[in-house]
Amino acid sequence: MHNLYGHYPFFLCLEEESGKSFGVFLMNSNAMEVILQPAPAVTYRTIGGVLDFYIFFGDTPEQVVQEFLELTGRPVIPPYWSLGFQLSRWDYGSLSEVKKTVERNRAVGIPYDVQYTDIDYMEDKKDFTYDKVKFSELPQFADYLHEKGQKYILILDPAIATSKRVGNTAYDSYDRGTEKNAWVTESDGKTPLIGEVWPGETVFPDYTSQNCIDWWVEEYELFYKEVKHDALWIDMNEVANFKKGSNKGCADNNLNYPPYTPRILDEVMYSKTLCMDAKQAWGNHYDVHSLYGYSMVLATEKALQRVFGENRTMMLTRSSFPGVGKYSGHWLGDNAANWNDIKWAIPGMLEFGLFGIPYIGADICGFFDDSSEELCRRWMQVGAFYPFSRNHNAQGYKPQDPAAYGPDSTLLKSSKHYLMIRYTLLPYLYTLFYKAHTTGETVVRPLLHEFYSDSATWAVDRQFLWGKHLLITPVLDPMERMADRKTHINMYLPADKLGLHIRGGAILPTQTPDVTTTYSRRHPMGLIVALDDNNQAAGELFWDDGDSRGIVIKHVTHAGYKEPNNLKFENITILGVPHPPKSVSVTHVSKGSGTGNSTTTVPNNNIEYNQAKEVNKHKSSNTYLVEWELMVEDYQRFDCYPEEHADEAKCKARGCIWKPSSIERVPWCFYPQDYGYTVKTAEETDSGMTVDITRNKKYRSSGRPGSPDIDTLRVEIRYHSSDMLQFKIWDPATDRYEVPVPLSVPAAPETDENKRLYKVLITNNPFGIQVIRKNTGTKIWDSSMPGFTFSDMFIQVSTQLSSEFVYGFGETEHPTYKHDLNYHTWGMFSKDQPPGYKMNCYGVHPFYMGLENTADAHGVLLLNSNAMDVTFQPTPAVTYRTLGGILDFYMVLGPTPEMVVQEYTTLIGRPVLPAYWSLGFQLCRYGYANDKEIEDLYRDMRAAGIPYDVQYADIDYMERQLDFVLNPEFKNLPHLVDRMREEGMRFIFILDPAISGNETHYPAFVRGKEADVFIKWPKHLSDEIVWGKVWPDYPNVTVDESLDWDTQVELYRAYTAFPDFFRATTATWWHQEIQDFYENTMKFDGLWIDMNEPASFVHGTVGGKCLGDQLLENPPYMPRKTKKTILLFIKTLCMNSEQILSDGKKVRHYDVHNIYGWSHTKPTYDALLNVTGKRGIVVTRSTYPSSGKWAGHWLGDNFASWDQLYKSIIGIYKHTLNMFFGITLGSHFTGADICGFFNTAEYEMCLRWMQLGAFYPYSRNHNGKGNPRQDPVSWNSTFTEVSRDVLNIRYTLLPYLYTLMFESHTKGNTVIRPLLHEFVNDKATWDIYKQFLWGPALLISPALDKGARHVDGYIPNARWYDFHTAKDIGVRGQMVNMPTPMDHINLHIRGGYILPWQKPENTTHYSRRNPLGLIVALSDSGTAQGSFFWDDGEGIDYFHMQFCRSHECLYSNMLHNANVHELIFL
């Protein structure tokens, strides 16, 4: 019943089970007592001041507390680190003993953030001094702690010694205080009152005096400069005095001996404190005694603000009064090591929660007396859940820090366990403090605050809650019991346990714990989701930097705080779900900040669950949205009958399960869980694994006649590098075809497991390979799915994907950049097929990039050139089906999208560096009637002043479409080309692979036949050429183009032979034909190779009769193609045609069809370089991974329609990632036919396409025969002007584009770049496909829709400048509606980058003679950097410059000098 350190005349009363409550506060600081009686009634007796009552009404106890704190002030939010565990002791004796304590607790890995020193650090216990013998290194102690992420707090008492310092030197703090009249005085108002405290004779600062406040602030500032520390603990501020009143005693008057003395200690007013008639600035000590601690807190707050400025720091006070919680925390004082005080601490904490001081705790294990091991163990358990968690004890007692009990003690292990839980839950606790700070909610609260309708909770004070959701049930004496759902139950709580329960309906934010909060805050976040009876849950998270003063206001106002330690959610524990969720995402919901919402998706393998209840979706307050979706069981099915016309009988004949589903597209016929192969033997080394697997013969064969299953397979896994691995599956008993495309793998594997970004696991039944990213735990490949099949002509493997964000596979037209996983199948078989939805087109690229929910990226290449398809399903998963070869997968680990491209092009080869002139604008048309049309076009373009570097000739220039033969209608073309080249232009002509065999004398065919370069039948079938028909016409015919196409082919097209470019002799022949044409007919600067899928206008061969095995033409499984039912030889060669690899191995066209264009490309590139002596360019239609080492690509024969504009961006994205930019193809030199190839172009569409195409890497306007012209001078003057203006921008920025090409060629960087490559942590960018970047710095947002005069574009989170106005647009991280009139394309330059530029001219030949300039776009920090590559544009010598703008200076680091003419600063 003793009165203690503080004064709180406030009570709360619960009226009834409805929760209605009221609170009463008497604003009176005089000594008082209150009497409670059963009536029920309360009697107040106070001995001064006035009666100033405030009454609060609420519907719940929590509301009453909130209303009370609205009056007195809501609590301060402490720094995050102050929520960590803390150690203290009065009288360590020396700093070496303190460090010994620190080190032993560090050594056992106990979470531990703060170390204290009590008054023993001082010189003779004097404030603002330190013992220079026993604590000589104290000034360096904070740095010692900071090195390990820990903090240092020291103590100050109010009483100031009057005595001299050691050596009889002045005690300056006392002297300066005396000069300022800073002391409490005797009743005369002049004489300092003298008492005695720890240092001996003392005076007492009057913190109600401004002079004293100024003195205190100045002394503290001086001391902090001498001894650095992180926060302050103030003690003895009741105010305590070891003398009764003063060293003179106290006068006999009504203040010291009032008419009524309340029931207080010793029943003497001045017992252990000052005389009541002492004078302070606020009045007699009689009136303000209980405000002494409060006034000291106010003065200390000013001192802390002076010293720590914007850093949040912490204060801990022993004496307090309502309102102190705005500035300080509190501990429950000098308790004792006994079972009574461990129990008393809980109601003590709960009361201070009512009083508005949530940062509260008791001295763990007790201050006085030696604690028994059992008591201290139990106290450490419960103390781990005190808001202020500090172990502290007194002088003369044995150490009680956890490590003092020994590393193997139950106490240490238990303490570490529960402190790890505390640190895991600190984000939740910190959020509770934020709620207390902003709304007045309690942090530690009694059960009745949440369960007031349950009267059984009204008297519970041996349990407590953290907020609403975490129930702590400590062991406070033997056989502790708890209340749960109105039932008392016995809990089994052995020596190392206490009770912890999460309330259903809660979402608790968590973080992976560490030994300090400094380290734990760097770890990923998580959530514990506990469902209630209604399958719902809710929660909140507040997060800031944990240190800054005022950050809270910023957060509330703008909700815009961005965690510098990469705040992300990973591990989610869901309590109450029967199946693992399909996905879990956490979205930070923006509140009017304009920054947009930020979502983190959690990897599936980081989601824990138990079997209780199902759940779909909930919202966590107004800060975060947490969504998850239960995996639909049907989505776990893998299709056993992908062919058409499945039925139950066919399904069961394959040993599969037939079960109808109500979900659209879900397969009804699916594999049993153990269908596939099982592991027979496995051997692992430092560099990989070798595994033998056998087919599970429990099930029948895969059910495809003519394609027998292979029962025994070998698996080889190779750890090529830290970021790349390979897994290969083949039949060791058979020499099966393998792709002859060479890849660049490291000479030696990565044998150091610690350096590898991945780990690989093998599942036994069914066999599967799992690849896991080590730092996140994300499974990025998991082929332990049912259905693995390996037969002679059908191979199938499925893998679960890391997320739904998958990009790549081609060449097919996709409506979006990201794949739709709702059971879509994409075929890959090269074909002369214009772009169309789900139609297999010109090239084959079995590569995809996957984005993981952690924003990491990886890429996967299947090195297989047979006809194949891939099927996505919502699991998420993908199934590969290929018709031959082996499974040879390569995986690169990124972890960024850009690094995926770099690593992938390291594997397949870096993209070729094109000639500088090839970046200029280019014109082409199929259907020029003669050379005069080309000459007129050239003249008009020059007259219009439109930049224009390259002119093409399509097959019109050839006589009857014969390679290397000039059409008489173009007899003047060689002279025109010479003139154009002299004037700075370049010329490219087309070559097809097919060579006519119906000529009387055609040297190309004759020499080719003599060299045996043409594809033939296998010798056992025939020694004849496999004849097809393509463009060449018979001699001496007149083509009637009014006839239908098939009739024209039959009547007019000549037999053609197809060169086998795998042979070295073919490359030599091809080189000779190109050289003869260059030297004897016409000069050129680049080559355009077409129809090399290879395309034929007849099916298989002339007459349609393919020799040999008909299963090759009509295999047991037909991949998804233009039409799934058509045979493989449609519009190409017979699959049984024979080709011969460079090593002499004979292969079937069935196996190498998809790499015919690849084989055509390198011989063409080699011939071009050798014949012209210059770099030039090759543009090819059919491609395969690594084609980009030698050629660029255009997107084929597209259509003049609006949808083709935006689809061209997707196509270019895919060639950057999948085929157009370098991820699979390795080519960055890509573009679509501007304005479309087929059909008549509309004016507006063509104009918008010219604007878009000006930013294609390969910028060419090209259209088809029979359609009107669509070149820039074929429309009107407005069209001409707009085209000229936008191409002038392109030419201005060509030095930047060329530099990007160089960086792609040398580093594998992308040129055209999806926004997600630069802003992958912003999930909003993951779906953007109607905007793109040049490199990292130029954002292009074109108009793509008819009639559009505004464009909704996303502005990523960076500073951006409008290219046209050079102004900072002032927005970021949001969609912006951009005005886009017909003469405008939206261009933005990213802050922080330097772009080289050059004054444009009509050709690059002339623009390259102009001076260079730099556009310097400053970042938020006022800096920028960039690089610049320059050479002669077509040779091999070059130099490279790097620029950096910082601190008002521009620096460059270059190989040679350059003439930088003009700088533009943005």
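- Using a 4.5 Å cut-off on side-chain heavy atoms (C-beta onward), F385 and L500 make contact.
- Taking each heavy atom of G93 and D120 in turn, the nearest pair found is N-OD2, 3.6 Å.
- The closest side-chain heavy-atom distance from F223 to E219 is not below 4.5 Å.
- R390 and D363 make their closest contact through NH2-OD1, 3.2 Å (heavy atoms, listed as atom of the first residue, atom of the second, distance).
- Between the side chain of R422 and the backbone N or O of A384 there is at least one donor-acceptor pair closer than 3.5 Å.
- Smallest separation of non-hydrogen atoms from M315 and I234: SD-CD1, 3.9 Å.
- For the pair M380/P402, a side-chain contact is recorded, criterion being any heavy-atom separation below 4.5 Å from C-beta on.
- Residues L471 and R503 form no side-chain contact, since every pair of their non-hydrogen atoms from C-beta on lies 4.5 Å or further apart.
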(request) Assess whether side-chain contact (heavy atoms from CB on, under 4.5 Å) is satisfied between I364 and S389, documenting all intermediate values. (result) CA-CA 7 Å; I364 296 171; S389 180; 3.6 Å; yes

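- Residues F242 and W198 bring their aromatic ring centres within 6.0 Å.
- In terms of heavy-atom proximity, A231 sits nearest to W81 at CB-CH2, 3.8 Å.
- Under the 3.5 Å distance criterion, with hydrogens and angles disregarded, a donor-acceptor pair is assigned to the side chains of H392 and S88.
- Checking side-chain atoms of H469 against main-chain N and O of A506 turns up no donor-acceptor pair under 3.5 Å.
- At distances below 3.5 Å, at least one donor-acceptor pair connects side-chain atoms of Q86 with backbone N or O atoms of S82.
- No side-chain donor-acceptor contact under 3.5 Å links Q381 and S415.
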(request) Give the C-alpha distance, both sets of side-chain angles, the deciding distance and a yes or no for side-chain contact (heavy atoms from CB on, under 4.5 Å) between I346 and F464. (result) CA-CA 7 Å; I346 295 177; F464 58 96; 4.0 Å; yes

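- Under the salt bridge (charged side-chain N to carboxylate O under 4.0 Å, His left out) test applied with E103, the options K99, K100, R106 reduce to a single match, R106.
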(message) Does D544 form a salt bridge (Lys or Arg N to Asp or Glu O under 4.0 Å) with R312? I'd like the steps, not just the answer.
(response) CA-CA 12 Å; D544 64 359; R312 201 182 301 158; 2.7 Å; yes

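- Proximity of P387 to F433: side-chain heavy atoms (C-beta onward) are separated by under 4.5 Å at one or more points.
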(message) Evaluate Y80 against W543 for ring pair (Phe, Tyr, Trp, His ring centres under 6.0 Å), listing each step before the verdict.
(response) CA-CA 10 Å; Y80 194 92; W543 202 247; 5.3 Å; yes

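- With hydrogens and angles left out, the side-chain atoms of Q463 and T473 include a donor and acceptor closer than 3.5 Å.
- Between A159 and V197, the shortest heavy-atom distance links the atoms CB-CG2, 3.4 Å.
- Using a 4.0 Å cut-off between charged nitrogen and carboxylate oxygen, R462 and D477 count as a salt-bridge pair.
- Side-chain contact of W216 with T300: a donor-acceptor pair under 3.5 Å is present, judged by distance alone.
- With hydrogens and angles left out, the side-chain atoms of T516 and Q150 include no donor and acceptor closer than 3.5 Å.
- At a threshold of 4.0 Å, the pair D401-R89 does not count as salt-bridged, since none of the basic side-chain nitrogens sits closer than that to a carboxylate oxygen.
- In this structure, K416 is not positioned above the aromatic face of Y418 in the sense of NZ or CZ being under 6.0 Å from the six-membered ring centre and within 45° of the axis.
- Geometric assessment of K132 against the ring of F135 yields a negative cation-pi assignment under the 6.0 Å and 45° thresholds.
- One finds no salt bridge joining D370 and K398 here, because no Lys/Arg side-chain nitrogen approaches an Asp/Glu carboxylate oxygen to under 4.0 Å.
- Here the straight-line distance linking atom CD of E238 with atom OH of Y5 works out to 7.0 Å at 0.5 Å rounding.
- For the pair N237 (side chain) and S319 (backbone), a donor-acceptor distance under 3.5 Å is present.
- Ring planes of Y359 and F388: tilted class, angle from 30 to 60°.
- Side-chain contact of T410 with Y405: a donor-acceptor pair under 3.5 Å is absent, judged by distance alone.
- A donor-acceptor pair shorter than 3.5 Å cannot be found between the side chains of Y397 and Q400.
- K272 NZ: 12 or fewer foreign heavy atoms inside a 6.0 Å radius.
- Within a 6.0 Å sphere centred on CD of E373, heavy atoms belonging to other residues, nucleotides or ligands number more than 12.
- A distance of 6.0 Å or more separates the ring centres of W466 and Y386.
- Listed for the T424 side chain is a donor-acceptor partner under 3.5 Å among the backbone atoms of M420.
- There is a side-chain donor-acceptor pair under 3.5 Å between Y152 and T117.
- In this structure, CD1 in I772 is found 13.5 Å from CG in L757, a value given to the nearest 0.5 Å.
- What you find for Y112 and V114 is that their closest heavy atoms are CE1-O, 3.2 Å.
- Among Y116, Y144, Y220, F141, the single residue meeting the ring pair (Phe, Tyr, Trp, His ring centres under 6.0 Å) criterion with H229 is Y220.
- Between the W233 side chain and the I153 main chain, no donor and acceptor come within less than 3.5 Å of each other.
- Residues L508 and L527 have side chains not in contact (no heavy-atom distance under 4.5 Å, counting atoms from C-beta outward).
- Annotation for Q305: atom CD counts as buried by contact number, over 12 foreign heavy atoms lying within 6.0 Å.
- Annotation: side chain of T442 is in contact with side chain of H449 (closest heavy-atom distance under 4.5 Å).
- L425 CG to L83 CG: the interatomic distance, rounded to the nearest 0.5 Å, is 12.0 Å.
- Distance alone, capped at 3.5 Å, places no donor-acceptor pair between the D127 side chain and the I160 backbone.
- At most 12 heavy atoms of other shown residues, nucleotides or ligands fall within 6.0 angstrom of atom NZ in K148.
- Note: W344 and W339 fail the aromatic proximity criterion, with ring centroids not under 6.0 Å apart.
- Comment: E221 engages R306 in a salt bridge, judged by a side-chain N to carboxylate O separation of less than 4.0 angstrom.
- Summarising the local packing, NZ of K343 is surrounded by more than 12 heavy atoms from other residues, nucleotides or ligands at distances under 6.0 Å.
- Electrostatic pairing of E753 and K759 does not count as a salt bridge here, judged by no charged N lying under 4.0 Å from a carboxylate O.
- Looking only at distances, a side-chain donor or acceptor of D341 sits under 3.5 Å from a matching main-chain atom of A336.
- At a cut-off of 3.5 Å, with distance as the only test, a side-chain donor of T517 or D113 sits close to an acceptor on the other residue.
- With Q511 contributing its side chain and H523 its backbone, the two residues share a donor-acceptor pair below 3.5 Å.
- Distance alone, capped at 3.5 Å, places no donor-acceptor pair between the D124 side chain and the K126 backbone.
- For Y92 and Y121, the ring centers are positioned 6.0 Å apart or more.
- With a 4.5 Å cut-off on side-chain heavy atoms, L304 and F308 count as touching.
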